[in-house]
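First the structure, in the form of structure tokens, and then the observations on it.
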Amino acid sequence: MHHNGEPPVQQPSTAQTFDQINQLLSHLLPFSLSVNSFTSRWQVLRSKLATVKSLLNEIADSPHWSENELLPTLLPNLLSTLLRIQILCEQCSDPGKTPGKLLMQSDLDMASGWLAKQIHHLDLLCRSGVLRQSTAIVLSHPSSNSTKDDLILFIRDVFTRIQIGGVEFKKKALESLIQLLSEDEKSAGLVAKEGHVGYLINLLDVNTDSAIREQAVLAVSMLVSLSEQARKCVFEEGALGPLLRIIESGSITMKEKAVLAVECITNDPENAWAISAYGGVPVLLDLSKSGSISAQIHAVGAIKNVSTNEDVRIALAEEGAIPVLLQLMVSGKASAQEKAANCVAVLASSGEYYRDLLIQEKGLQRLLHLLHESSSSDTLEYVLRAIHSLSSSDCASRMLSSYTTFTIQLAELIKHGSLMLQYISASLLANLSVGEEKKRAISGCMGSLVKLMESAKPDGLQEVAANALVSLLAVKSNRKELVKDEKSVMKLVQMLDAKNDVVSKKFPVAVVAAIMAGGSQGCRKRLVEAGAYGHLQKLAEAEVAGAKKALQRLSGNRLKSIFTRTWSNN
């Protein structure tokens, strides 16, 4: 309300302020030349005044400069600085007005600093290219029909506002950026390339307005989750430290966004070292223990990512990560269980030190519990990998060999699991000292093991399948059962064929030798009738490992007539 009927003070327009600044510069530039005191400082100021003049000329040449929403804030601040410089100029020109040498030096340095900041803002505005477009074009949100140039201009305008705008400008600019990233995921790479991501990172600082900081962490988390280029850019601009500080002290929502960003950044193994450098291991572990469900999932994901680095692994062990990971494996949400199991698998494969820690913390029992409970193929794979690594320990191997339910689970996975689950299960079965009774109980997986022996990929699968099969064939009833399976016998014989170059011959040869280990006439007869003898003869002549021994076992006087009849017909 205005008292005494006084009219409101009319604020000058942007154009009027612009003209006033130009007039003041036209006066200050020649006037400052006559100043004889503090000459070096005035030389610097004159250079900056000339830069301002040049930038203002560039702005004046831009057809839409008067529409820009940032200039009404920038120009009055610049005018204020120039009026202050005019006063300093007058004081330095009249010795009687100089307040004192040290004070004047300080005042001139401050004025020079203000001017430098305003030059930086004006320069940003000019380089962004937004002054050359109508405000209506710049501010309109890009649509699916927008060209790449339109998008670049929009991004530059957004970042110009983030850099030099006030609180409300920054908020609106961040809203626009978040909207762009949510509507057009492919824009993230262009944002990283054309936007000044470093200024976005600056907004993560604890002293930033809380609403702006919350928008900034959301924008950063979106950027790094959408584009590899953006991830690299955000990391190189130093975002990891501020993000970890937010995880320590931010709101629940901010913690969730910040740790999502950290998980995405650490997806690149080359960034893992930085977690230790910024003291991030205890921060992530605390969040894994006490954060929201979403935060826990991303925190354990980040821990899993950085566990590939040996220095970080040592820090994880020292900070007590193993009990936290094992607890998440049995009590966390499915995605947290998967990531925790993945991390445990990495640790278990990283050396005896970590395996001993895992076994001490009842890690094997937790893994077996998750193996029984989980239905996720990926989680089961990580669990089996971890168990496989732990089985190199004698006590773990004895424990696993004694568990009937575990042996049965391995057989089920060999029959029905994914190729990788079959591989690891077969490898475990081959390596464990399983008793005869258990081997009889899982004879049903032998046909699947024969089938796996035919697989060229992954490397090593044929060998572990053959080794597991040979182990099961140590039991007499299993040998009889396998030769009754015509399909499996036919596959074995086909694998013995020298023309079949998919399978290394030593594996089917070892299986045939195992079938004949007991000298069963019934087993011998079935193999010979299927054509195994002729193939073994050729392999023995080619000196394939184990072929002569297998041939000797397969040969028998009682079946000489069968050999003669079989081969006379060929």
Side-chain angles (χ1 to χ4, degrees), residues 400-417 419 421-455 461-497 500 503 505-536 546-547 549-556 558-559 562-563 566:
L400 290 168
S401 298
S402 68
Y403 290 150
T404 305
T405 51
F406 176 63
T407 311
I408 291 169
Q409 271 185 292
L410 289 182
E412 287 301 308
L413 289 169
I414 287 168
K415 287 194 286 184
H416 306 298
L419 192 60
L421 288 175
Q422 289 176 308
Y423 187 153
I424 306 167
S425 299
S427 182
L428 273 163
L429 192 57
N431 294 337
L432 293 176
S433 302
V434 179
E436 281 199 16
E437 192 177 328
K438 293 187 184 71
K439 287 181 180 179
R440 272 194 291 272
I442 60 169
S443 61
C445 72
M446 290 191 297
S448 298
L449 287 169
V450 172
K451 192 174 180 182
L452 289 176
M453 285 175 62
E454 296 178 301
S455 300
L461 176 57
Q462 292 177 352
E463 182 175 6
V464 298
N467 289 344
L469 193 52
V470 167
S471 172
L472 293 181
L473 291 170
V475 179
K476 183 179 179 181
S477 61
N478 286 356
R479 295 195 290 271
K480 289 183 175 180
E481 186 174 331
L482 183 61
V483 294
K484 288 177 185 175
D485 179 357
E486 290 182 12
K487 279 187 180 178
S488 292
V489 171
M490 193 56 64
K491 284 175 183 170
L492 273 174
V493 172
Q494 286 168 355
M495 283 186 254
L496 290 169
D497 189 342
N500 180 350
V503 182
K505 298 301 162 221
K506 62 183 178 180
F507 302 134
V509 164
V511 172
V512 170
I515 292 171
M516 293 310 306
S520 162
Q521 296 299 331
C523 291
R524 183 180 285 123
K525 182 180 178 182
R526 286 181 181 276
L527 286 171
V528 171
E529 287 176 341
Y533 190 80
H535 293 314
L536 273 176
K549 185 179 177 182
L551 188 63
Q552 286 169 0
R553 288 183 176 180
L554 195 58
S555 300
R558 292 182 185 179
L559 292 179
I562 294 177
F563 302 153
T566 302

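Reckoned from all heavy atoms, side chains included, excluding hydrogens, waters and symmetry mates. Position 1 is the first residue of the sequence; numbering continues from there.
Of all heavy-atom pairs spanning E463 and F507, the tightest one is CB-CZ, 3.5 Å. Closest non-hydrogen pair, V503 versus M495, comes out as CG2-CG, 3.8 Å. Of all heavy-atom pairs between P508 and L496, the closest is CB-CD2, 3.8 Å. Across all their heavy atoms, I442 and I408 have their closest contact at CG2-CA, 4.0 Å. Across all their heavy atoms, K438 and Y403 have their closest contact at CE-C, 4.0 Å. When all heavy atoms of Q422 and L452 are compared, the closest pair comes out as OE1-CD2, 3.4 Å.
One distance of note links SG of C523 with CD of E481; it measures 11.5 Å at 0.5 Å rounding. Note that CG of L461 is 10.0 Å distant from CE of M453, once rounded to the nearest 0.5 Å. How far CG of D485 is from CE of M490: 11.0 Å, rounded to the nearest 0.5 Å. Separating the CG atom in L413 from the CG atom in L429 is a distance of 11.0 Å, to the nearest 0.5 Å. H416 contributes atom NE2, which lies 7.0 Å from atom OG of S448 (distance to the nearest 0.5 angstrom). Annotation: the span from K439 atom NZ to M446 atom CE amounts to 12.0 Å, rounded to 0.5 Å.
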Q.
side-chain contact (heavy atoms from CB on, under 4.5 Å), that's the test. Do L482 and V450 meet it? Break it down for me.
A. CA-CA 10 Å; L482 183 61; V450 172; 4.2 Å; yes
Q: Decide side-chain contact (heavy atoms from CB on, under 4.5 Å) for L428 and V464; before the verdict, give the C-alpha distance in whole Å, the side-chain angles of both, and the deciding distance to 0.1 Å.
A: CA-CA 9 Å; L428 273 163; V464 298; over 6 Å; no
Q: Go through the steps for L492 and I515 under the test side-chain contact (heavy atoms from CB on, under 4.5 Å), then give the verdict.
A: CA-CA 11 Å; L492 273 174; I515 292 171; 3.9 Å; yes
Q: Please lay out, stage by stage, how V489 and R526 fare under the test side-chain contact (heavy atoms from CB on, under 4.5 Å).
A: CA-CA 8 Å; V489 171; R526 286 181 181 276; 5.5 Å; no
Q: List the steps, then state whether salt bridge (charged side-chain N to carboxylate O under 4.0 Å, His left out) holds for K415 with E412.
A: CA-CA 5 Å; K415 287 194 286 184; E412 287 301 308; 3.3 Å; yes
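Put simply, the side chain of N500 reaches to within 4.5 Å of the side chain of K505, judged on heavy atoms. Side-chain contact between L472 and L449: present, with at least one pair of heavy atoms (C-beta onward) separated by less than 4.5 Å.
With S401 contributing its side chain and S433 its backbone, the two residues share a donor-acceptor pair below 3.5 Å.
No more than 12 heavy atoms of other residues, nucleotides or ligands lie within 6.0 Å of NZ in K451, so this atom counts as exposed by the packing criterion.
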